[in-house]
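Values in this document were obtained by computation on a predicted structure and should not be read as measured data. For ligands, and for the atoms within them, numbers begin at 1 and follow the listed sequence.
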Amino acid sequence: MEHILNAVLDGSGAEEMRSLPVPEEYRAAVILEEETEIFHDLPSKEKDPRKSIHVQEVPTPEPGPGEALVAVMASSINYNTVWSAIFEPLPTFGFLQRYARSVPSAAGHDQPFHVLGSDLSGVVLRTGPGVSKWQPGQRVVAHCLSVELASADGHDDTMLDPDQRIWGYETNYGGLGELALVKANQLMPKPAHLSWEEAACSGLVNSTAYRQLVSRNGAGMKQGDTVLIWGAAGGVGSYATQLAVNGGAVPVCVVSDERKAELVRATGAEHVINRAEEGYEFWSDDRTPNPREWKRFGAHIRELTGGEDPDIVIEHPGRETFGASVYVTRRGGTIVTCASTSGFMHEYDNRYLWMALKKIVGSHFANYREAWEANRLIAKGLVHPTLSAVHPLLHTGDAAREVQQNVHTGKIGVLCLAPREGLGVDDPAFREKCEAAINRFRSSGR
Ligand code: NAP
């Protein structure tokens, strides 16, 4: 693999990259089908990704029609890495088997190992038949939307394709390895002012936040909107906060400690709620929601905003907070949800929804266009990566454990082929302009 790394570090062009031999095997962070029962009966928090994620050699896949093989310099941990590694809500091997059955070209995805990872930055190494937009040697990032586009259902909005999958979660050969297999239309230009690990950390969460908050497919945020953002210093939240500030909205950021509160204030948010300090108990017990606490939370938001309720709520904690989110939303406002980290069986009081004409909108990743627009914001320095810590590939399990235990801020990066941090910056002058914003999250990783 060293010859590939050297070629990338030397900035080799298309011909040189094309002439490099591709190794038959590469190192990757995987989970194993034979281990899907190892956490049987344990509570979710005790299912430790350090036990289920292994870094080992896997056979290199051949890029098929419309695909590309990428030399991965860096990747990042997403919460789907955690879900995959604790085999919740389902082991991902069922997804791989279904994908392998769906089209002949996907047969190779059904393996006893699953290479995780839904982000990457790197260099194109090989392209399969029919790829014209990308060629070996180009520096890229990848978004994680894999679609077949064989059905008309996905032609207006690629997320509506019936064969829509999240690469590295519902497909194999994801970004947490020295190589990765992508559909070539997942590739986007790497933002030139960022290092490999900075460039690799935004794709999934930034695109998700963009669709959820800005796109008309989500909440369609406008200037002046009050936006309640749960987990505002986390993956999705740290990008939603930037998008709200940039777009002239007024974010109300919820976090659970002062370090995170400072970070979101530094991003330009004025209104911050420390949920740990306030001690909200949105449930009296496991089965009984506590509307008095929803009211106390709503009153706090009004106190901060001068009496305004949120036009938009960025929801992802799920069961724990959903009742409160529906309650505090403004008449006619939108609760837009992309996840259920604390449990997917939600309870809320429907009277507050229908009588006040509120909307609940489901949102999932982003379509091609939204992913490109989100990447363009990063490339223009209008949204910055929120990378706080970086681990070597060998320690992917530790990195996933940090995210599972919520001791991280922003994003956690993983170095794949990149031998150290800070490499890959192609536009140092522009970088200098963005440096302070990029560094905001860097010292906060524990
Ligand atoms: P993350 O980096 O762990 O951030 C989540 C934040 O939520 C945490 O920082 C935490 O902030 C807050 N939080 C966690 N549990 C909470 C609770 N019970 N009540 C209130 N706040 C809570 O994760 P992420 O990358 O933002 O992802 C969040 C969720 O969205 C995950 O379930 C992930 O799988 C999902 N997701 C879905 C999509 C999609 O396309 N559908 C895309 C990206 C992510 P504080 O402790 O500071 O409050």
Is the His300 ring parallel, tilted or perpendicular to the Tyr280 ring (thresholds 30°, 60°)?
tilted
Check this for me - ligand 1, Ser342, N or O atoms closer than 3.5 angstrom, yes or no?
no
Quick check: Asp257 and ligand 1, any N/O pair under 3.5 Å apart?
no
Tell me, which protein residue and heavy-atom name are nearest atom 42 (C) of ligand 1, and how many Å apart are they?
Thr208 OG1, 3.2 Å
Looking only at atom types and distance, does a side-chain atom of Asp163 sit under 3.5 Å from a main-chain N or O of Val147, one as donor and one as acceptor?
no
Pick one of side chain, backbone, both or neither for how Val82 approaches ligand 1, counting any non-hydrogen atom pair under 4.0 Å.
neither
So which bit of Val236 gets within less than 4.0 Å of ligand 1, heavy atoms only: side chain, backbone, both or neither?
both
Please check whether Phe365 reaches ligand 1 - meaning an N/O of the residue sits under 3.5 Å from an N/O of the ligand, judged on distance alone.
yes
For atom 39 (C) of ligand 1, what's the nearest protein heavy-atom neighbour? Residue, atom name and distance, please.
His364 ND1, 3.4 Å
Determine the interplanar angle of the His143 and Phe365 rings, folded into 0 to 90°, and report it as parallel if under 30°, tilted if 30 to 60°, perpendicular if over 60°.
tilted
Would you mind running through ligand 1 and noting each atom that sits below 4.0 Å from a heavy atom of Val205?
25 (O)
Report, in ascending order of atom number, the atoms of ligand 1 lying under 4.0 Å from any heavy atom of Lys260.
9 (O), 11 (O), 45 (P), 46 (O), 47 (O)
For ligand 1, indicate whether the residue Lys411 contacts it via side chain, backbone, both or neither (heavy-atom separation under 4.0 Å).
neither
For the atom pair OG (Ser363) and CD1 (Ile335), what is the distance rounded to the nearest 0.5 Å?
13.5 Å
Once you measure the plane-to-plane angle for Trp294 and Tyr352, does it fall in the parallel (<30°), tilted (30-60°) or perpendicular (>60°) bin?
perpendicular
Do other residues, nucleotides or ligands put more than 12 heavy atoms under 6.0 Å from His155 NE2?
yes
N/O separation below 3.5 Å, Thr321 to ligand 1:
no
among protein heavy atoms, the one nearest atom 23 (O) of ligand 1 is Tyr79 CD1, 3.7 Å
Would you check if the side chain of Lys190 reaches a backbone N or O of Leu194 as a donor-acceptor pair within less than 3.5 Å?
yes
Atom 43 (C) of ligand 1: the protein heavy-atom neighbour that sits closest, reported with distance to 0.1 Å
Leu204 CD2, 3.3 Å
Would Arg431 and Glu198 pass as an ion pair if we require N to O under 4.0 Å?
yes
So which protein heavy atom does atom 34 (O) of ligand 1 come closest to, and at what separation?
Trp83 NE1, 3.0 Å
Do ligand 1 and His408 have nitrogen or oxygen atoms that lie under 3.5 Å from each other?
yes
What protein heavy atom sits nearest atom 29 (C) of ligand 1, and how far away is it?
Thr341 OG1, 3.4 Å
Give me the residue, atom name and distance of the protein heavy atom closest to atom 46 (O) of ligand 1.
Ser256 OG, 2.6 Å
N/O separation below 3.5 Å, Gly231 to ligand 1
no
Counting only N and O atoms by type, is there a donor-acceptor contact under 3.5 Å from the side chain of Gln212 to the main-chain atoms of Val336?
yes
Would you tell me which option among His316, Glu320, Arg275 has the nearest heavy-atom contact to atom 14 (C) of ligand 1?
Arg275
Atoms in ligand 1 flagged as close to Ala339, the criterion being non-hydrogen separation under 4.0 Å:
29 (C), 30 (O), 32 (O), 35 (C)
Are Phe297 and Phe282, when compared by the centres of their aromatic rings, separated by less than 6.0 Å?
yes
Mind checking whether Gly235 has an N or O less than 3.5 Å away from an N or O of ligand 1?
yes
Any idea which protein heavy atom is nearest atom 9 (O) of ligand 1, and the distance to it?
Asn406 OD1, 3.2 Å
Crowded around Glu46 CD? As in, over 12 foreign heavy atoms under 6.0 Å?
yes
Using 30° and 60° as the class limits, which term best fits the ring planes of Phe39 and Phe87: parallel, tilted or perpendicular?
tilted
Evaluate salt bridge (charged side-chain N to carboxylate O under 4.0 Å, His left out) for Lys222 paired with Asp225, printing each intermediate quantity in order.
CA-CA 6 Å; Lys222 62 183 189 320; Asp225 278 351; 2.8 Å; yes
